[in-house]
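Just below is one structure, and these are the notes that go with it.
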Amino acid sequence: MADPSFEQPVVGMKTVWDFPWNDGQWRGREWFVVKDARVELSSDGALLPRVRMGVEAREQVADARRQLVDAPVTSKGHPLVRYAEIFTHFFDLIAERKSVVHQLREVSRAAVVAKFLVDNGVHLDDFWMRAEEASVCRMDLPFNKQERYTYEVVVCHGALQGHRAEPVRTCVSLCGGVDLNIDAFDLRLPAQRGAGPAAPDYAAIFAEVGYT
């Protein structure tokens with residue numbers, strides 16, 4: 001989505017490369033995340049997953065071993081952060097326009113339902129637990145990387161000047177991926193406490209619709 005070779009899904013939406021930045025060289029990553037997740041039950045016992053998704057960004061810097069790690073603090077004005085905020089704001093609209101984002105949201109909903117069933121100890125028939133053929137199920141997630149190089153040269157009387165007469169190269173690098181972060185959400189049903197309106201009999205609902 002941040003690649004300028006692709007049309008942005010919202011009119012007037014900038015790419016990450018369009019935002020100015022004082023330091024011409026930076027590296028960073030952006031990834032899709034689930035920001036909020038819950039499961040509701042309809043009156044007839046159907047599970048209704050609700051997810052709120054977005055994009056998070058983090059600049060990367062070299063550590064003592066010259067390996068790239070996430071920066072402790074990423075400036076709010078950084079191009080990565082600004083693009084992530086815009087994408088998050090329009091996420092649901094983008095999901096309706098871009099099938100790959102829509103499918104990612106559906107996968108997230110399915111993962112939330114699965115965690116809900118596990119967290120609440122819901123028994124499922126063996127049919128639901130059988131693995132599909134290995135050729136159908138991919139265990140790896142797509143990874144994208146974009147790099148832009150800028151070269152600066154000094155020419156005097158037709159010859160390159162400077163250290164070893166070589167151009168100065170700067171790089172802007174952007175990596176992207178998915179981290180659904182489903183484990184961060186507690187989807188267990190709340191225990192009934194004290195007096196008040198009676199809580200729905202979830203066990204009975206599950207039994208009625210065949211979940212237990």
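Under a hydrophobic-cluster definition in which Ile, Leu, Val, Met, Phe, Trp and Tyr are linked whenever side-chain heavy atoms come within less than 4.5 Å, directly or via other members, Val81 and Phe32 are assigned to different clusters. Both Phe91 and Ile86 are members of a single hydrophobic cluster when ILVMFWY side chains are connected at heavy-atom separations under 4.5 Å. Following chains of ILVMFWY side-chain contacts shorter than 4.5 Å, one cannot reach Val69 starting from Trp26, and the two form parts of different hydrophobic clusters. Leu48 and Val107 are not part of a single hydrophobic cluster, where members link through side-chain heavy atoms under 4.5 Å apart. In the hydrophobic clustering of this structure, Val118 does not group with Val112; members are Ile, Leu, Val, Met, Phe, Trp, Tyr whose side-chain heavy atoms approach within less than 4.5 Å, directly or through other members.
Look at Glu56 and Arg58 and you find no salt bridge, because none of the NZ, NE, NH1 or NH2 atoms lies under 4.0 Å from a carboxylate O. With salt bridges taken as basic N to acidic carboxylate O contacts below 4.0 Å, one links Asp70 and Arg29. Classification of Arg109 and Glu106 as a salt-bridged pair holds, one side-chain N sitting under 4.0 Å from a carboxylate O.
Nearest approach of Leu187 to Arg38, heavy atoms of both residues: CD2-CA, 4.0 Å. The shortest non-hydrogen separation linking Asp183 to Lys115 is CA-CE, 3.6 Å. Closest of all the heavy-atom pairs between Leu68 and Ala62 is CD2-N, 4.1 Å. In terms of heavy atoms, Asn120 sits closest to Phe116 at ND2-O, 2.7 Å. Scanning all heavy atoms of the two residues, the minimum distance from Ser108 to Leu180 falls at OG-CD2, 3.3 Å.
Note: Arg52 CZ to Lys35 NZ = 6.5 Å, rounded to the nearest 0.5 Å. For the atom pair Lys98 NZ and Gln103 CD, the distance stands at 13.0 Å (nearest 0.5 Å).
Trp31 belongs to a hydrophobic cluster with Val33, counting contacts under 4.5 Å between side-chain heavy atoms of Ile, Leu, Val, Met, Phe, Trp and Tyr, direct or through other members.
Within the 4.5 Å cutoff, no side-chain heavy atoms of Thr74 are placed close to those of Leu80. At a threshold of 4.5 Å between non-hydrogen side-chain atoms, the residues Met13 and Ile94 count as touching. Within the 4.5 Å cutoff, the side chain of Leu117 has heavy atoms near those of the Leu47 side chain. At least one side-chain heavy atom of Glu96 sits less than 4.5 Å from a side-chain heavy atom of Arg105. Between Val51 and Asp36, every side-chain heavy-atom pair lies at or beyond the 4.5 Å cut-off.
Judged purely by atom type and a 3.5 angstrom limit, Lys14 has no side-chain atom pairing as donor or acceptor with the backbone of Arg82. Within the 3.5 Å criterion, the main-chain N or O of Asp186 finds no donor-acceptor partner in the side chain of Asp119.
Within a 6.0 Å sphere centred on NE2 of His89, heavy atoms belonging to other residues, nucleotides or ligands number 12 at most.
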Next on the checklist: Pair Val34, Asn181 - check side chain to side chain contact (heavy atoms under 4.5 Å, CB included), show working.
Outcome noted: CA-CA 6 Å; Val34 174; Asn181 197 34; 5.6 Å; no
